[in-house]
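No experiment lies behind these values; they were computed from the predicted model shown.
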Amino acid sequence: MTPNWELRNCCNHDQVVFLVTVGVCTVVILALWRTILLKPFKLVTVFLHEASHAIACKLTCGDVEGIQVHADEGGTTQTRGGIYWIILPAGYLGSSFWGMLLILASTNLLTARIAAGCLLLALFIVFFIAKNWTLRGLCIGFIVFLGVVWVLQETTKARVLRYVILFIGVMNSLFSVYDIYDDLISRRVHSSDAEKFAEVCPCPCSGVGWGAIWGLISLVFLCGAMYLGLVILS
């Protein structure tokens, strides 16, 4: 079937459900942003941020010495070697990229299963290289959580796996933009990835400037996920 890139005759039932669900997820996330209910999902987003640093390090022939996720929603990735100016932006942009992939994966049950399986595998692997118990506890907790959701999906009429994957995807997309704003505008964290990138990049741009660029790219990933999701569901 030829993809409906122009989105003619939008929107059918599946597309409406997709848009409404993304909207509901966004409202719920923003409404509960500072509550403890979102803490586990925020920490998963931090985990994917740090995992993106680690992946960029490995892809540029570096070594990952450890990953930490802290209870205050911070995180660190200890690396040695690799290409530093590629590793630094990989956290923010990688988190947005994973958010986009998870949103797209939620449009189909098979791809939602694949996404959940990949996330489970990643959590299992990171459990053994984690450097603190906050991250280890997060890995165990989300392995159990996704396992329970998957069992409910396969054994009952509670078709929730796609919506959980979509929620995590939207959370990643929104958190990436918020994290850039919080680090570089509201608090000006001078040890942030963007500030460090400004120090090593020869381009005449400040950390705030790079943060703004990365924030725009993150928004492009989110809009792209919405558009491609509608195309897939057409």
Side-chain angles (χ1 to χ4, degrees), residues 18 21-22 25 29 38-60 62-64 66-69 73 75 77 79 82 86-87 89-131 134-155 158-176 179 217-218 221-222 224-229 231-233:
F18 174 71
T21 306
V22 171
C25 288
I29 289 169
L38 282 189
K39 175 73 76 171
F41 293 96
K42 285 184 176 181
L43 293 180
V44 165
T45 301
V46 175
F47 156 70
L48 290 173
H49 176 109
E50 300 304 330
S52 298
H53 283 308
I55 291 171
C57 176
K58 297 299 291 185
L59 290 177
T60 56
D63 292 319
V64 179
I67 299 176
Q68 295 185 44
V69 170
E73 298 168 21
T77 300
T79 62
I86 292 179
I87 296 171
Y92 290 127
L93 300 183
S95 181
S96 300
F97 177 73
W98 297 125
M100 180 182 71
L101 287 187
L102 290 170
I103 290 172
L104 294 179
S106 71
T107 58
N108 180 276
L109 181 56
L110 174 60
T111 51
R113 287 182 176 128
I114 293 172
C118 291
L119 188 54
L120 284 168
L121 179 61
L123 290 166
F124 180 78
I125 293 172
V126 169
F127 175 82
F128 293 100
I129 63 174
K131 292 296 184 179
T134 299
L135 181 52
R136 294 190 188 102
L138 178 70
C139 290
I140 294 172
F142 254 82
I143 286 172
V144 173
F145 171 70
L146 286 176
V148 170
V149 169
W150 204 323
V151 170
L152 290 175
Q153 169 72 38
E154 303 300 332
T155 60
R159 307 300 184 186
V160 293
L161 183 61
R162 288 174 60 185
Y163 298 104
V164 169
I165 294 299
L166 177 62
F167 186 86
I168 297 174
V170 174
M171 183 75 205
N172 267 268
S173 298
L174 294 178
F175 193 88
S176 179
D179 205 23
I217 294 174
S218 297
F221 275 130
L222 178 57
M226 298 288 294
Y227 168 70
L228 291 174
V231 170
I232 292 169
L233 292 171

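Among all heavy-atom pairs drawn from Ser173 and Leu222, the shortest one is CB-CD1, 3.7 Å. Annotation for Leu102 and Ile165: closest pair O-CG2, 3.3 Å, computed over non-hydrogen atoms. Closest approach of Gln153 and Arg159 over heavy atoms only: O-NH1, 2.6 Å. The two atoms that bring Ala54 and Val64 nearest to each other are O-CG2, 3.6 Å, heavy atoms only. Between Ile67 and Leu135, the shortest heavy-atom distance links the atoms O-CD2, 3.5 Å. Of all heavy-atom pairs between Phe18 and Ala225, the closest is CZ-O, 4.2 Å.
Inter-residue side-chain proximity for Thr79 and Asp63 is flagged as unmet; no heavy-atom pair is nearer than 4.5 Å. In this structure, the side chains of Leu93 and Phe97 stay at 4.5 Å or more apart for every pair of heavy atoms. Under the 4.5 Å side-chain criterion, counting only non-hydrogen atoms from C-beta, Val231 is in contact with Tyr227.
Considering only residues two or more places apart in sequence or on other chains, Arg162 meets the salt bridge (Lys or Arg N to Asp or Glu O under 4.0 Å) condition with none of them. Under the rule for a side chain to side chain donor-acceptor pair (under 3.5 Å), the partners of Ser96 that lie at least two apart in sequence or sit in another chain are Ser176, Ser218. With sequence neighbours left out, the ring pair (Phe, Tyr, Trp, His ring centres under 6.0 Å) criterion links His53 to His49. Legend: residues meeting salt bridge (Lys or Arg N to Asp or Glu O under 4.0 Å) with Lys39, ordered by chain and number and at least two apart, are Glu73. Remark: Phe127 engages no residue in a ring pair (Phe, Tyr, Trp, His ring centres under 6.0 Å) (not counting sequence neighbours).
Rounding to the nearest 0.5 Å gives a distance of 5.0 Å between OG1 of Thr45 and CE of Met171. The CD1 atom of Ile86 lies 9.0 Å from the CG atom of Leu59; values are rounded to the nearest 0.5 Å. With values rounded to the nearest 0.5 angstrom, Lys58 atom NZ is found 11.0 Å from Ile87 atom CD1. Rounding to the nearest 0.5 Å places OG1 of Thr77 at 10.0 Å from CZ of Phe47. In this structure, CZ on Phe145 lies 4.5 Å from CZ on Phe41, to the nearest 0.5 angstrom. Rounding to the nearest 0.5 angstrom, the gap separating the CG atom in Leu43 from the CG atom in Leu48 is 11.5 Å.
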Quick one: side chains of residues 117-124, donor-acceptor pairs under 3.5 Å with protein atoms, not counting sequence neighbours, listed by atom name and distance.
none

Donor-acceptor list for residues 137-144 side chains, cut-off 3.5 Å, not counting sequence neighbours:
none

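Within the structure, no pair that satisfies the side-chain hydrogen bond (donor to acceptor under 3.5 Å, both in side chains) test touches residues 101-111, not counting sequence neighbours. Among residues at least two apart or in separate chains, there is no side-chain hydrogen bond (donor to acceptor under 3.5 Å, both in side chains) pair with a member in residues 135-149. Each salt bridge (charged side-chain N to carboxylate O under 4.0 Å, His left out) pair with one or both residues in residues 102-116, not counting sequence neighbours, appears once here: Arg113-Glu154. Identified under the salt bridge (charged side-chain N to carboxylate O under 4.0 Å, His left out) test for residues 137-153, with sequence neighbours left out: none. Within the structure, salt bridge (charged side-chain N to carboxylate O under 4.0 Å, His left out) pairs that include any residue of residues 121-130 do not occur (at least two apart or interchain).
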Could you walk me through whether Tyr92 and Ile217 pass side-chain contact (heavy atoms from CB on, under 4.5 Å), step by step? CA-CA 10 Å; Tyr92 290 127; Ile217 294 174; over 6 Å; no
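The environment of NZ in Lys131 is sparse: at most 12 heavy-atom neighbours from other residues, nucleotides or ligands sit within 6.0 Å.
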